[in-house]
Amino acid sequence: MTTLTATHSPSRWWQSRVLRRFLSHRLALLGLLMITLLTLACVVGPYLLPYDSLYIDLRARFAPPFASDHYLGTDPLGRDIAARLFMAGRISLLVGFFAMVLSIFVGTLVGVIAGYRGGWISAVLMRTVDGFLSYPTIFLLLALAAALKPSPVMITIIIAVTSWMEVARIVEAEVRSLKEREFVLAGRMLGLGRSHIMFREILPNAMGPIIVAATLTVARAILLEAYISFLGFGIQPPLPSWGNMLNGAQQYLASAPWLAIIPGIAITIAVSSFNFIGDGLRDALDVRNDTV
Amino acid sequence: MTASPQTDDSHELALSVRGLTVNLPHGMERAHAVEDISFDLERGKILCVIGESGSGKSVTANTIMGLLPRVIGVSAGSITLNGLEIVGMDAESLRSLRGRVVSMIFQDPLSALNPLLTVGAQVDEAMRAHGIGTQASRRKRAVELLDEVGLPDPALMYNQYPFRLSGGQRQRVMIAMALALEPSILIADEPTTALDVTTQAQILELIRDIQRRKGMSVLFITHDFGVVAEIADNVVVMEKGHVVEQGTADQVLKAPEHPYTKRLIAAVPHLTDKDRPSLQSAGSDTVLKVEGLTKTYRSGSALLRTQRVVPAVRDVSFELASGRTLGVVGESGSGKSSLGRLLTKLMDCDGGRILFEGRDIAPMAETEFRPLRQRIQMIFQDPFASLNPRATIGRILTVGPTAHGMPYAKAREDARALLDLVGLDTGAYGRYPHEFSGGQRQRIGIARALMFEPTLLVADEAVSALDVSIQAQILELLDKVQRETGISMVFITHDLRVASQICDDIAVMQRGRIVEMGPPSQIFLNPKSDYTRELVAAIPGESSNRPELAAAEG
């Protein structure tokens, strides 16, 4: 019998079809670029600006943007909006990111176990998911935020608690179809343990939808943080967040509209960028788009 | 219909393809799906196009039907239907030709029928789309057609939904739809591949019968030389987008000229009347003894009296000695795959005993069975689904043994040695499954099963998804593995020809029972039960052409 050699095809990740498809998605690239810039600005921005976010410049209260060396103007206390925007960005992005990590973790765990085990375990887990989904998210958020001490960590947890269910549903459906594949049977034939099969054989195959869900969850989490902070139950001043900057701008909408417009734009950029990236990833990871 | 193109039925050639080249999109393994192919379909004849997967035979059929996906296009050549050139014809004219002049039946009758429409409505639709007849006349015609394709009680069948029909009946409905407008040319793309062997024989008979009665011209696409021997007047052999040989069926089957044709014909498994020579290593000690094994599927609720009880395996008993192979053959639904899953404990049985090396494994719990699992391994049907796409070949092979405590270095060494044994480059170790062809993946599947040095190997349709030439290589490999390791095998297949190649004993299953068991010579030449006789008679290409094929093979 002759020795057969494998047919060569590109296998390095940077040559992969997924990446190529993602890079050809204009909006997704734009989203990636904007998110990178925004994150960079929030990380290094505060060090480059002439004013600290807590410095009160009473002579320059209500300075409009682009008029002085307060580049984006100042707020009613004369604090530099640019500096506050970037500091707030740190909080908002971190809360969004970690809320996503938490909800993906919980959702994936529940989804994989429910999808693989089936039977009454699945019934209990998925009915719990339904239970959580049947509460109106905003009221649940506000109730929790009002009852608990609103620190950034607590806000992150509260947001995660209200957004893991969709991930669980997506993963459950994916795992349920993957577990019928023969490679899972093959794993059982090899005597692999249940958790090994669930998390090391099946889970890597479900990463596509999970990654997509992750980007969309970040966007949602940032938005939720803005909601509750805007309503006053979230991040508490003097710690800035995009949401409570909007809250502070309410009274001055007519006289100093930039107070609301600037953090509003930041939220819009962040949320739509993550959504664009999510759309791009969804198209890139969808095997059905392969023209074979 | 305005300005529908007219075709001349008196033309001598029903279909003529000249210098046809179809491009593939960039980045595919080759530039052309088919390149410079030419052949003719004479009026009232059956032309078989045969080739392995990737030979371009289906692309050819779809080009003639004008059904190519947008990304691939005809770059050169001409196709004439009844003397009418169709390459470059506008979409609307092409549409009016489809169904009226040329129509097509597909491989999978389940996905080709709309599950939400009745059978009658779908036959009716074919006529309505071309604006023919009134509602009443179409209905009458549809019932006639259903009768013509041999469906029982056509008036009742008219109102049935596809899911109520068997695979063979669905394929008959497809044929009725294709015949609705009395086309002069019928294209059949692997119409019997998804069917059981007895059903396949009936459908082939039906197609030939209709072709004779109506004087139709048929372009029949297949990968099976047995089918060619049954049905073809003329044959075109395709390889990698080229026509390598064409001629009358007699010429091509009896005196093939091109080496590829010779190789293909030689690779076709045949019924052998000789039993397999017993192996040196084959001992008399029993590895596996099954007694009264039973499995019943239950669905629905007993409480609500909606329970459906399907007996899958009924009172099955057999014995398997070391170094020997037992073939389990049967049609779909015969319970042969359920039997395989019971033996490997992927499913629990309802009754009976499975004595593996003297111990009854049937009642064991998973944790108790796990150490024994290593000694019973399985090869799966689908080489694309049975390997984890996200794991390297190395990980696929070593994950089992390392999970059972083998040091990684030792596992890696074993894996490399096995890759060599199954005929793969050891460089395969670090690669991913998608880089391999179907046959190569099946070799990896075999290597994985051998990692534990098992004593029993259960192969569930292990070669069914492969091309014939690859099939022959894998069978050869399994034979070699058995000779070298003395492993016992349970080989489950629907293909009696394959079973006759590799098995020492064959068990024929029907509706969950073993109806006959014995060496291949008895099963195939002197079958005791009616069912076995029926199965053997239905094998395509064996009844009339066996001596000739055997001669060509030699």
Side-chain angles (χ1 to χ4, degrees), chain A residues 1-13 15-21 24 112 116-119 174-175 177-211 285 287-292, chain B residues 25 27-29 69-71 341 344-346 366 369-374 376-391 393 396 399-401 403-404 420 422-428 431-437 439-440 443 445 448-449 451-452 458 460 473 476-477 480:
Chain A
M1 190 164 302
T2 52
T3 299
L4 305 170
T5 48
T7 46
H8 287 269
S9 62
S11 60
R12 301 277 80 85
W13 65 268
Q15 295 168 317
S16 79
R17 203 173 279 160
V18 171
L19 192 74
R20 250 187 299 131
R21 274 206 305 258
S24 63
V112 169
Y116 186 73
R117 296 300 298 276
E174 192 72 17
V175 170
S177 80
L178 280 170
K179 81 167 176 179
E180 302 298 328
R181 300 270 290 274
E182 280 183 346
F183 73 84
V184 176
L185 282 184
R188 286 177 60 195
M189 281 306 305
L190 294 174
L192 301 179
R194 217 156 24 202
S195 60
H196 185 122
I197 291 178
M198 281 194 276
F199 294 104
R200 295 184 57 189
E201 299 284 324
I202 294 181
L203 187 57
N205 286 286
M207 279 323 279
I210 293 177
I211 291 171
L285 293 167
V287 194
R288 279 167 298 182
N289 287 351
D290 271 355
T291 49
V292 177
Chain B
M28 302 289 287
E29 59 194 273
R70 222 167 261 278
V71 285
R341 304 222 158 163
T344 50
K345 293 269 289 170
L346 287 176
E366 180 67 26
F369 179 62
R370 194 165 288 166
L372 275 174
R373 186 172 286 297
Q374 306 172 25
I376 306 177
Q377 285 294 307
M378 189 162 186
I379 308 171
F380 295 89
Q381 170 172 7
D382 184 350
F384 289 87
S386 64
L387 302 179
N388 187 345
R390 301 279 163 151
I393 305 309
I396 286 170
V399 67
H404 284 92
D420 190 49
V422 299
L424 285 170
D425 195 296
T426 43
R431 295 171 183 277
Y432 285 88
H434 72 261
E435 300 175 53
F436 296 89
S437 67
Q440 290 170 331
R443 286 168 193 269
R448 170 173 61 189
M451 279 298 286
F452 286 118
V458 177
D460 186 2
Q473 290 169 14
E476 201 179 308
L477 171 65
K480 174 181 146 189

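Chain A is the first sequence line, chain B the second, and so forth, proteins listed ahead of strands; every chain is numbered from 1.
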**Report entry** Minimum heavy-atom distance between B/Ser386 and A/Ala186, given as atom pair plus value
**Finding:** O-CB, 4.0 Å

Requested in this report: Please flag which part of B/Leu346 lies under 4.5 Å from any non-hydrogen atom of chain A: side chain, backbone, both or neither.
Outcome: both

**Report entry** Distance in Å, A/Leu185 CG paired with B/Met378 CE, rounded so as to fall on 0.5 Å steps
**Finding:** 7.0 Å

Report summary line: When the 4.5 angstrom heavy-atom criterion is applied to B/Arg341 and chain A, the contacting part is side chain

Report task. Quick one: pull up CE in A/Met189 and NZ in B/Lys345 and give me the separation to the nearest 0.5 Å. Result -> 12.0 Å

Query raised in the report: Can you check whether A/Arg188's main-chain N or O pairs, donor with acceptor, with B/Arg373's side chain at less than 3.5 Å?
Result: yes

Requested in this report: Name the region of B/Phe452, side chain, backbone, both or neither, that has any atom closer than 4.5 Å to a heavy atom of chain A.
Outcome: side chain

Requested in this report: Measure distances from B/Arg370 to the heavy atoms of chain A and classify the residue's part below 4.5 Å as side chain, backbone, both or neither.
Outcome: side chain

**Report entry** B/Gln377, part contacting chain A, at a heavy-atom distance under 4.5 Å
**Finding:** both

Report task. Tell me, out of A/Gly187, A/Gly191, A/Pro204, who's got the most heavy-atom pairs with chain B below 4.5 Å. Result -> A/Gly191

Query raised in the report: Using non-hydrogen atoms only, which part of B/Ile379 is less than 4.5 Å away from chain A: side chain, backbone, both, or neither?
Result: neither

Report task. Verify side chain to side chain contact (heavy atoms under 4.5 Å, CB included) between B/Val399 and A/Glu201, making sure each step is shown before the conclusion. Result -> CA-CA 10 Å; B/Val399 67; A/Glu201 299 284 324; 4.0 Å; yes

Query raised in the report: Which one, B/Ala449, B/Ala403, B/Pro371, B/Gly400, leads in non-hydrogen pairs under 4.5 Å with chain A?
Result: B/Gly400

